[in-house]
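The structure under discussion appears below in the form of structure tokens.
Position 1 is the first residue of the sequence; numbering continues from there.
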Amino acid sequence: MTVRGAADQKEILIFERRESGVRSYCRRFDCVLDTAEGSVVRDVSGREYLDFVAGAGSLNYGHNDPDMRAALIAHLEHGGMSHSLDLSSTAKSAFLTAFESLLLLPRGFDYRVQFTGPTGANAVEAALKLARKVTGRSNVIAFTNGFHGMSQGALAATGNRHHRIGPQMPLPGVTRMPYDGYQGEGVDTADLLARMLCDPSSGLDAPAAILLETVQGEGGLNVASPGWLARIAELARSSGALLVVDDVQAGCGRTGTFFSFEPFGIVPDLVVLSKSISGYGLPMALLLIRPEHDVWLPGEHNGTFRGNVHAFVTATVALTKFWADSGFAGDVARRGELLARRLAGVANVVPGATVKGRGMMRGVDVGSGALAASITRRCFVEGLMLETSGPHGEVVKVLAPLTTPDDMLNDGLDILLDAARDVTAESGVSGASGLVNA
Ligand SMILES: *Cc1c(COP(=O)(O)O)cnc(C)c1O
């Protein structure tokens, strides 16, 4: 069991007494964290945990990367700007130069970069607002189990009922369509969208945007197939809608390439990035805009914290350190295969379980939220932090930092395997052996 020191216990009381009921992760992981390095976090009593939550995908390069930290300290000691609205700064110039030369030019992408407020949700808001301005239309097509953030426009495009709260929160302007695989194997959900878009009495208003994740991070690690993505991209083009890829969680290398859509030959009109873009867990969000759509008037989507200067500094190091050549992407792809193999082993000990996801964004659907919660609780006791996703929290999700050394990844997956086996045995679930569907 978790052994907590007296200091730990006392500190937990202040959170329970004073912090809002909205707090969530800290309910599942009741420790008081102090320091962190790479894929390991340490609590106030000195206990270490493998962190395979990684800031929900905000720490793709792990905690406290030494080169990012050194650059940040140097910036602070130099008296570098810490806040600058959207004024030009040396730090922003270095970031944009690295973004252009290391990410855009080698991929043949031509995007303008908009610095929005520092959350993924704000960048999604900017994307939807811009798509509506460009097209003069209001309807946005989003997909079942999609997750796009908590502000009103982004929430309208988010499926999860718990986050939408209820009828007292009007969330207009979005039509939900079934994501790839939603109706099971053998049904191509793009057929329904195609049919509804060309039927003038389908009741579907012409869309300003089609908004999607290529892998649904919160929605249960559902993976869109290359064929489905290509069809959706073509439907966006033929219907005059902007294709918006929300790469907040699946981007920044999580699926093996910097942008999650790179392997599929689609070029979205707008791309949303946040979470790991700073590389250091600092708040920052971007909207990438194809130049012909960059119709913003000055300040039309503004914000006090557009472009976090400290995040520019660490993001520049992240790009030059990890994305100057294809070595890191190759590492992530290889480690993603290791993860898939190990998770197939986990799925084998849970009757009916399946492996889901792509790259280093994978998990095991254990079929029940209660079982997934028991497994992740057991993992935590054994020193591994993991979260769950999916409509019922039924997917045990592994978001280890992409830089996690293989032995550490294996250590964590050993803990997960034991926990899955023990919890399944204790809960008396039995039946067919696990189906693997990576
Ligand atoms: C986390 C997330 C968001 C929202 O980002 P915030 O910074 O929490 O506002 C949007 N889209 C996806 C796919 C996400 O995973």
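Applying the salt bridge (charged side-chain N to carboxylate O under 4.0 Å, His left out) test to Arg176 and every residue at least two apart in sequence or in another chain returns nothing. Among residues two or more places apart in sequence or in another chain, the salt bridge (charged side-chain N to carboxylate O under 4.0 Å, His left out) test is passed with Asp406 by Arg334, Arg335. Here Leu33 pairs with Cys31, Val41, Asp43 under the side-chain contact (heavy atoms from CB on, under 4.5 Å) rule; sequence neighbours left out. Here Arg421 pairs with Asp418 under the salt bridge (charged side-chain N to carboxylate O under 4.0 Å, His left out) rule; sequence neighbours left out. The salt bridge (charged side-chain N to carboxylate O under 4.0 Å, His left out) search around Asp411 returns none, not counting sequence neighbours. Residues passing the side-chain contact (heavy atoms from CB on, under 4.5 Å) test with Asp407, sequence neighbours excluded: Pro405. Partners of Asn122 under the side-chain contact (heavy atoms from CB on, under 4.5 Å) rule, at least two apart in sequence or in another chain, are Thr116, Thr119, His301. With sequence neighbours excluded, the residues that form a ring pair (Phe, Tyr, Trp, His ring centres under 6.0 Å) with His163 are Phe147. Residues passing the side-chain contact (heavy atoms from CB on, under 4.5 Å) test with Glu234, sequence neighbours excluded: Arg237, Ser238.
Applying the ring pair (Phe, Tyr, Trp, His ring centres under 6.0 Å) test to residues at least two apart or on different chains, none of the pairs has a partner in residues 351-373. Sorted by first and then second residue, the salt bridge (charged side-chain N to carboxylate O under 4.0 Å, His left out) pairs with a member in residues 148-164 form an empty list; sequence neighbours excluded. For residues 384-397, every residue pair satisfying the salt bridge (charged side-chain N to carboxylate O under 4.0 Å, His left out) rule, not counting sequence neighbours, is listed here: Glu218-Lys397.
Aromatic pair Phe259/Phe109: ring centres closer than 6.0 Å.
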